[in-house]
Amino acid sequence: MSTQHSETEATGSSYRFQDLEATWGPVWEELGVFTPKDDGTAERRYVLDMFPYPSGDLHMGHAEAFAMGDVVSRYWRQLGYDVLHPIGWDSFGLPAENAAIKRNAHPSEWTYANIETQAASFKRYAISADWSRRLHTSDPGYYRWTQWLFTRFHEKGLAYRKDHPVNWCPKDQTVLANEQVVAGACERCGTPVTKKSLNQWYFRITEYADRLLDDMDQLKGHWPERVLAMQRNWIGRSEGAHVDFAVEATDESPSRAVTVFTTRPDTLYGATFFVVAADADLAGELVTADRRAGLEAYQEQVKALSEIERQSTEREKTGVFLGRYAINPLNGERLPVWAADYVLAEYGTGAIMAVPAHDQRDLDFAKTFGLPVRMVVDTGEEDPAVSGTATVGEGTLVNSGELSGLGKDEAIARAIEIVEAAGTGRHTVNFRLRDWLLSRQRFWGTPIPIVHCADCGEVPVPDDQLPVTLPENLRGEALAPQGTSPLAAAEDWVNTTCPSCGGAAKRDTDTMDTFVDSSWYFLRFVSPEYTEGPFDPAAAARWMPVGQYVGGVEHAILHLLYSRFFTKVIHDLGLIPFSEPFSALLNQGQVLNGGKAMSKSLGNGVDLGEQLDKYGVDAVRLTMIFASPPEDDVDWADVSPSGSAKFLARAWRLAGDVTSAPGADPAAGDVALRRVTHRTVADAAELLDASKFNVVVAKTMELVNATRKAIDSGPGAGDPAVREAVEAVAVILSLFAPYTAEDMWAQLGHGPSVANAGWPTVDPSLLVQDTVVAVVQVRGKVRDRLDVPADITEDALRELALASEPVQRALEGRGLRTVIVRAPKLVNIVPE
RNA sequence: GCCCGAGUGGCGGAAUGGCAGACGCACCGCACUCAAAAUGCGGCGCCGCAAGGCGUGUGGGUUCGAGUCCCACCUCGGGCACCA
């Protein structure tokens, strides 16, 4: 032991990541190498990781996501681009408030302490960020502009208030956007969501539904298909028709028109009843006096259901007859009007024509209440009235007057023509997307910059009076959830004067959903100190859109949809020339442990700090990258950070072995090794462009192995090709393992930083081989391998292949039917 | 139910329609060592003593040639879902 140890010390050849981190961290801090020049001397590129929420220290998930973004950032820098790679914090939000309540503190204390912790960890983790642009959404200097943008939205009618049934989380005591309700439960805490009718603020995102859908064409191929699919799904465009039905007058009330939305106007003749949403106002307006009590009892029954129960498709259909009839505009038939909870007030017009033969829900309802079923599209299947299964496919129209005999699509078009001509209907497009509910009854968020005045109404706070800052004196228990905003309790804050008339008025006490803050932060990064607006439009035009965005798929329809919406509105305000914020998106996978997401309740969490202490920053980063393709999950139980550390030590030792002087002419070096080096650099660039980071690591390992061999049993450590190879290893490794790469670079006689070394130039002549291995197949099976000149002719290769002994054996003396020659790599012979 | 994505050794994973399993983990062996660790070198899909045969979820198809393309199906993962 002592012998070996002293030898290690004597040669200084032991890899100690602790030393490398201690040496290079301060040097980089001093250098400040990651601030873009922004002087137009190089093409600009913007790479961004979804900014973190400051909940405690960084965890394994951050380590993976930020490793990915940093590879792109560092690669682009090596290619010579002027790279913008900023970092900031999404620092408003509930956990800070809950911590403040528990500790009798102000949310800012917990928030900013955590930010400092995370910032220090990011620095240790060697993220190549431009620290001079750091921002926090909870800084008044930031949320001033969130408020400014809200005011612009308000001016354009894109921010408005309405009374409406909303999603309510009973635990967090706040409303939720549709996007924050997952399977009927609160996205954050999992509590089943209830409905509550409240006056709330909304963004009119539905006005942008078409553009949000259409502009996805630009993202195709650059965003993961699943994210585009999720957004498409969420927006839920469906084409159909609005058809007006006259509801007959009764003794008490006159006749009135009720419009339905249908995607199947071809089935109008098959409508046998009419249904309105039980919880829509319309139900109460239509019901006859003698049936009102029945309706109200039913409505109570519906309200008692949780969202999860109500949405269940297993549940038997329920409903009540309203005592009135609607007239089918096509055939004049009288249809009984029902109220039922399977029709949603939120979707379409809240009323439908029921066609039980061709819609399963209507059929279930018809069977429950003994309503007639009439088939009008013959699909060749059994009559739904008999089978109990609605038919929805292609077919021929029957029992449908002038539509009879037509196919489904023709009939849809014809039916729309008929109702349009009669003025009782029109072609229409309906969306599933709802407006974005943005107000929250919580404290730690951006205050809504509106003053309510008895005389002037809803008055926006003028731009020159922004920001409306949060009161400092609310803390601890005063922030506890109570169903209304804690801000209401801050009387000196709430009571103000009307900006319009100067009279006494009250501030709006709700705060904004934190997704509002994060819907534009990528714009703030281009000019974080700018004071004339949310961002400098010229800087935005220079840097945006983001060239590579990196983050988790959990934001597919939240942050990513909202950011696209904001970007379009800001574009329409004339502030930016582009209307999509993120040109390319990479969804990194999750870090699992033992096949499951790490969680406190499972007790399977892995502490990032401990991993960094044990294996070093570089080994952890390299493991994240090498374990799997970026978009796949990494199971920490299956990977080997110690294996990564071993490889890094092996690569690092190469640098100590190099004996040629810096600047030695590689042209004089060993050609075989040079070929490997240049092939590796060329392949690595291609793989990096395709985000196949794990394969880049594998190729680098091959280069390291080849270099080791060249030193130990080849041309030797003094060969300039060895230096060339090791320098290439250092530059490639600088993307994944910056400390190790920097130290190798120094050992090779270069000053810091390897981050600016530049991507190695590939000599194309070294990518061409003199001889290649030609594969000879008989009927597609490999029978021989031949070393042949790379420029061999087809005829020569054919002859060589046919002369091969194993090939002759496989041919068993039969004649040749086909011989395919792909010189110089392959011959395939098919015998008679 | 609808919409996406994925099925390759013991494991993570490679593979512009052309040598399946690169690279690594684990495992086995060898060298160095009194020994171990570290390091270096080698082996490692399955069946078979071997020759050889079989192999990329299943079944078909296209092709001189299919992990890769097409059709049908199975399984797993994810999203949406009483959305008219």
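Keep in mind the model is a prediction, meaning the values are calculated, not measured. Below, chains carry the letters A, B, ... as their sequence lines are ordered, and counting in each starts from 1. What you see below is based on every heavy atom in this structure, not just the backbone, and it leaves out hydrogens, waters and symmetry mates.
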Partner nucleotide, any strand, of [N] [Watson-Crick/G-U, under 3.5 Å]:
N: B/A81; answer: none
N: B/U33; answer: none
N: B/G5; answer: B/C76
N: B/C23; answer: B/G12
N: B/G52; answer: B/C47

What's the closest nucleotide to the [X] side chain, out of [options]?
X: A/F626; options: B/A84, B/G13, B/G24; result: B/G24
X: A/N233; options: B/G79, B/C25, B/A84; result: B/G79
X: A/D638; options: B/G12, B/U39, B/G79; result: B/G12

Flag, side chain of [X] to backbone of [Y], donor-acceptor distance under 3.5 Å:
X: A/R426; Y: A/V243; value: no
X: A/Q808; Y: A/E805; value: no
X: A/S804; Y: A/D784; value: no

[N] phosphate, OP1 or OP2, under 4.0 Å from [X] side-chain N/O:
X: A/R809; N: B/G52; answer: yes
X: A/S238; N: B/A84; answer: yes
X: A/N705; N: B/G24; answer: yes
X: A/K709; N: B/G40; answer: no

[X] near the nucleic acid: base, sugar-phosphate alone, or nothing, with a heavy-atom cut-off under 4.0 Å?
X: A/V343; answer: base
X: A/R432; answer: base
X: A/P629; answer: sugar-phosphate
X: A/K699; answer: nothing
X: A/E225; answer: sugar-phosphate

>> Tell me if the NZ atom of A/K825 is crowded by more than 12 foreign heavy atoms within 6.0 Å.
In response: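 For A/K825, atom NZ is not crowded (no more than 12 foreign heavy atoms under 6.0 Å).
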
Between [atom2] on [N] and [atom1] on [X], what's the gap in Å once rounded to a whole number?
X: A/L826; N: B/C64; atom1: CG; atom2: P; value: 14 Å
X: A/R708; N: B/G24; atom1: CZ; atom2: C1'; value: 19 Å
X: A/H242; N: B/A84; atom1: NE2; atom2: C1'; value: 11 Å

> Would you say the side chain of A/N828 and the base of B/C64 hold a donor-acceptor pair, judged only by whether the two atoms sit under 3.5 Å apart?
Replying inline: yes

> Minimum heavy-atom separation for A/I205 to A/R434, with atom names?
Replying inline: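 Shortest heavy-atom contact: CG2-O, 3.3 Å.
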
> Of A/G348 and A/V830, whose closest RNA chain B nucleotide lies nearer the 5' terminus?
Replying inline: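 Final value for this comparison: A/V830.
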
